[in-house]
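Here's the structure we're looking at; comments come further down.
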Amino acid sequence: MVAAILYADHENHLTPLTLAYHATASRHVTSGRTDVIPPSMSTEVDSVYCPRCLTYCDVASALSGFCQLDLESGSSAISCKDCPVCFSPLAVSIDADDNSHEKHLICRYLCGYCKWSSSECGITSNADKLIEYKTNPDDPAKEAELEQQRQVVIAGASKELERCLRQTIEGKNQMVDEVFKSLTNMWSQKEKDEERKRRLGLGSDKSNTMMKGQTWSLEVLEQSLEEKRNKIASHYIPEAQRRSITSSTDKISAVNQANDSDATLPTSQQIAAQMIISNTAPRFRSDLLPLPVPFRARVSRRCLAEQAAGKTGILVKPKLNPLEGDSSLRAGHGQWFKKDSSAVNSVPRIQICSYGKDSTGLKYAVLMKVRNPTLSMIRLRFSPPSLKGSSENCFINERELENIPIEPFSQKFVNAHAISASCIDSLTPTDWVELENAEDMFLDMGTGHMEDPPNVRNWKASAVLDAVSDGIGSTLRIVASQKDTAWVEMLALAESSLKQASAGKSHLAIPFGMQIEVGNGSWEASLIKKQDLPKGEMDMVTLNVAALLD
């Protein structure tokens with residue numbers, strides 16, 4: 001059995017509490033789902049960082065969208081690259097050149113997983129200068145100086161390797177860029193000529209081309225495209241082979257003969273990855289180049305309803321440096337965000353402990369547990385839902401009951417149908433229950449497990465359903481409370497027409513409300529200002545909730 005509790009935000013979108021936010025001093029929750037229409041929050045990119053080396057920069061400086069080495073600066077950092085074959089991280093390796101009879105050192109990209117190296121595509125740099133600074137263990141002072149010199153040589157070879165890769169990519173794109181530029185210039189000139197002829201009244205271009213012995217036809221267009229396609233394809237064929245090729249069939253056979261030693265063809269995934277950095281699709285494995293690592297964004301989220309009310313509505317504000325909050329820095333351990341208004345830190349969390357239904361499938365008995373997550377007291381009660389939507393299904397819209405993420409981390413989605421409003425008309429508010437501030441489980445470690453109250457341990461859905469008499473509608477009641485936790489029972493009686501409406505939908509959505517008192521020491525962690533109400537009236541915040549039962 002799979003059951004879940006979902007919270008409704010200001011747009012009546014249903015979302016788990018783990019994906020919801022509660023802005024400071026707000027009287028509603030905000031859904032963090034990105035698949036809802038209209039959206040409940042806005043997203044702003046603050047900074048970007050490389051997931052490999054964790055270097056970060058502002059959005060304006062990350063125009064390329066990839067982790068790259070600044071060749072103009074004196075930084076010794078190495079830009080991150082991925083293997084084009086298995087997409088694993090690449091390392092910069094300095095090894096002996098096996099293809100040379102003399103002793104040479106080359107710097108190249110090397111994959112530690114599939115052993116692919118950039119030597120296959122000709123991306124290497126010379127590192128022979130490193131031979132001059134051999135290890136001298138007999139002289140520690142000299143060894144320290146040699147180590148510094150070796151680091152300088154390695155940094156220079158790495159930059160030269162990066163420069164070689166960029167030049168290769170630019171060379172591959174140059175041919176396509178030139179062809180595109182020539183086409184653009186040709187049509188631009190043709191447009192100018194046609195406009196000049198129209199002003200001078202010289203007639204159409206067709207008569208002029210006929211005079212020159214040329215005609216416009218589909219065959220002429222196809223021949224022109226074939227010539228340009230062959231021009232691009234010739235970029236991959238050596239000059240010696242290019243002279244001997246006279247037709248497209250000969251070209252394909254010549255390329256296949258030249259690549260008999262490398263029969264591995266790129267997969268569709270590898271071709272798609274290469275098209276990010278090159279305008280020309282690779283034909284063979286030797287055409288694969290190291291892939292740059294794309295940046296990841298650090299975003300801020302704001303509540304649209306709070307912004308419409310003239311407030312900032314900040315829900316999440318991360319720090320620019322992804323390492324801030326880590327123990328690797330001297331200060332700020334655990335402080336990952338400038339602000340984090342996740343609802344799990346401030347909104348009472350409701351969970352379903354147990355539930356059951358009778359043989360007809362029309363009577364449901366549910367035992368729920370609500371817990372106070374804040375460091376201050378909360379006084380609340382359960383009530384009928386607040387009618388913000390249609391009168392047929394309270395605040396729940398049928399569109400909101402499709403593909404609901406009840407378990408977002410395991411990517412579990414369900415479709416549900418709502419219980420009719422007439423089935424919950426008999427719901428009456430429960431008694432007020434006071435929940436103490438949240439207890440730290442680490443402080444009670446070793447003192448023994450706290451047992452649930454007897455009413456909770458002995459609760460059974462079958463016994464509750466058997467005790468239901470005719471004429472009694474849906475009800476809510478408090479079963480027990482203990483420190484920062486309370487248990488509530490909900491009895492829902494559906495109509496017989498519910499089975500017909502549930503075709504193809506696995507879950508039943510039962511809406512209800514949770515009213516939280518504001519002021520008088522209750523829910524002070526929310527920072528909500530108490531409204532000036534007439535004497536005797538209690539300031540409350542009502543959060544609509546839905547229980548999904550299968």
Side-chain angles (χ1 to χ4, degrees), residues 1-22 28-43 296-297 299 301 303-305 315-316 340-345 347-357 361-362 364 366-371 373 385 388-390 392-421 423-424 461 490 492 494 497-514 543-550:
M1 297 189 300
V2 179
I5 295 291
L6 303 178
Y7 290 70
D9 69 348
H10 55 87
E11 292 288 351
N12 291 335
H13 299 313
L14 298 177
T15 181
L17 191 64
T18 52
L19 295 182
Y21 298 94
H22 180 256
H28 55 260
V29 296
T30 304
S31 174
R33 294 173 57 185
T34 57
D35 60 337
V36 292
I37 300 176
S40 301
M41 65 178 185
S42 61
T43 303
R296 291 185 182 177
V299 299
R301 294 182 172 89
C303 177
L304 294 178
L315 304 176
V316 175
D340 183 9
S341 298
S342 298
V344 292
N345 300 325
V347 178
R349 182 171 187 175
I350 307 174
Q351 295 175 291
I352 295 180
C353 300
S354 178
Y355 73 97
K357 57 183 178 180
L362 300 177
Y364 289 82
V366 187
L367 179 64
M368 299 176 291
K369 177 174 66 175
V370 56
R371 176 167 291 177
K388 296 182 181 179
S390 62
E392 296 181 357
N393 50 18
C394 298
F395 66 87
I396 301 180
N397 190 291
E398 292 296 334
R399 184 182 60 186
E400 301 298 333
L401 297 176
E402 299 177 358
N403 295 326
I404 308 175
I406 59 175
E407 294 181 5
F409 299 105
S410 60
Q411 296 294 314
K412 182 175 181 58
F413 297 83
V414 299
N415 294 323
H417 57 283
I419 195 172
S420 60
C423 299
I424 56 175
M490 179 174 62
S497 60
L498 181 65
K499 291 185 177 181
Q500 300 177 356
S502 63
K505 299 178 180 179
S506 59
H507 283 66
L508 172 67
I510 305 176
F512 60 97
M514 179 174 57
L543 301 179
N544 287 327
V545 187
L548 262 64
L549 309 175
D550 60 358

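Note that these values count all heavy atoms, side chains included, but never hydrogens, waters or copies made by symmetry.
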Here the gap from Leu17 atom CG to Gln351 atom CD, rounded to the nearest 0.5 Å, amounts to 9.5 Å
Across all chains, not counting sequence neighbours, the salt bridge (Lys or Arg N to Asp or Glu O under 4.0 Å) partners of Arg301 are none
For Leu508 and Ala418 the tightest heavy-atom approach is CD1-C, 4.3 Å
The side-chain contact (heavy atoms from CB on, under 4.5 Å) partners of Ala305 (sequence neighbours excluded) come to His10, His28, Cys303
- Note, Arg349 side chain near Thr18 side chain (heavy atom, < 4.5 Å): yes
One should read off an interatomic distance between Ser354 OG and Leu367 CG, to the nearest 0.5 angstrom, of 6.5 Å
Q) Has the side chain of Arg33 got a donor or acceptor atom that lies under 3.5 Å from a matching backbone atom of Leu14? A) yes
Glu402 and Glu398 have their tightest heavy-atom pair at CG-O, 3.9 Å
When every non-hydrogen atom of Val366 is compared with those of Met368, the smallest separation belongs to CG1-CG, 3.8 Å
- Taking the side chain as every heavy atom from C-beta outward, state whether Ile419 and Pro511 have any pair of such atoms under 4.5 Å apart. yes
Could you walk me through whether His13 and Val29 pass side chain to side chain contact (heavy atoms under 4.5 Å, CB included), step by step? CA-CA 10 Å; His13 299 313; Val29 296; over 6 Å; no
Rounded to the nearest 0.5 Å, the CG atom of Asn12 sits from the OG atom of Ser40 at a distance of 9.0 Å
*Do Tyr21 and Val316 pass the side chain to side chain contact (heavy atoms under 4.5 Å, CB included) test, and can you show the C-alpha distance, the side-chain angles, and the key distance before you say yes or no?*
CA-CA 9 Å; Tyr21 298 94; Val316 175; 3.2 Å; yes
One should read off an interatomic distance between His507 NE2 and Asn415 CG, to the nearest 0.5 angstrom, of 10.0 Å
Residues Gly32 and Met41: closest non-hydrogen pair is O-CE, 3.4 Å
>> Within the 4.5 Å heavy-atom criterion, are Pro38 and Glu11 side-chain neighbours or not?
In response: yes
For Ser31 and Thr15 the tightest heavy-atom approach is OG-CB, 3.6 Å
Item checked: Stepwise side chain to side chain contact (heavy atoms under 4.5 Å, CB included) test for Met490 and Tyr355 -> CA-CA 9 Å; Met490 179 174 62; Tyr355 73 97; over 6 Å; no
Can a donor-acceptor pair be found, under 3.5 Å and without considering hydrogens, that links the side chain of Arg399 to the backbone of Ile37? yes
Does the pair Val414 and Asp550 meet the rule for a side chain to side chain contact (heavy atoms under 4.5 Å, CB included), with working shown?
CA-CA 10 Å; Val414 299; Asp550 60 358; over 6 Å; no
In this structure, CD1 of Ile406 is separated from CG of Leu6 (nearest 0.5 Å) by 8.0 Å
Nearest heavy-atom contact between Pro16 and Pro405 is CG-O, 2.8 Å
dist His417:NE2 -> Leu548:CG (nearest 0.5 Å) comes out at 9.5 Å
Sorted by chain and number, sequence neighbours left out, ring-ring contact (aromatic ring centres under 6.0 Å, His included) with His22 holds for Trp523
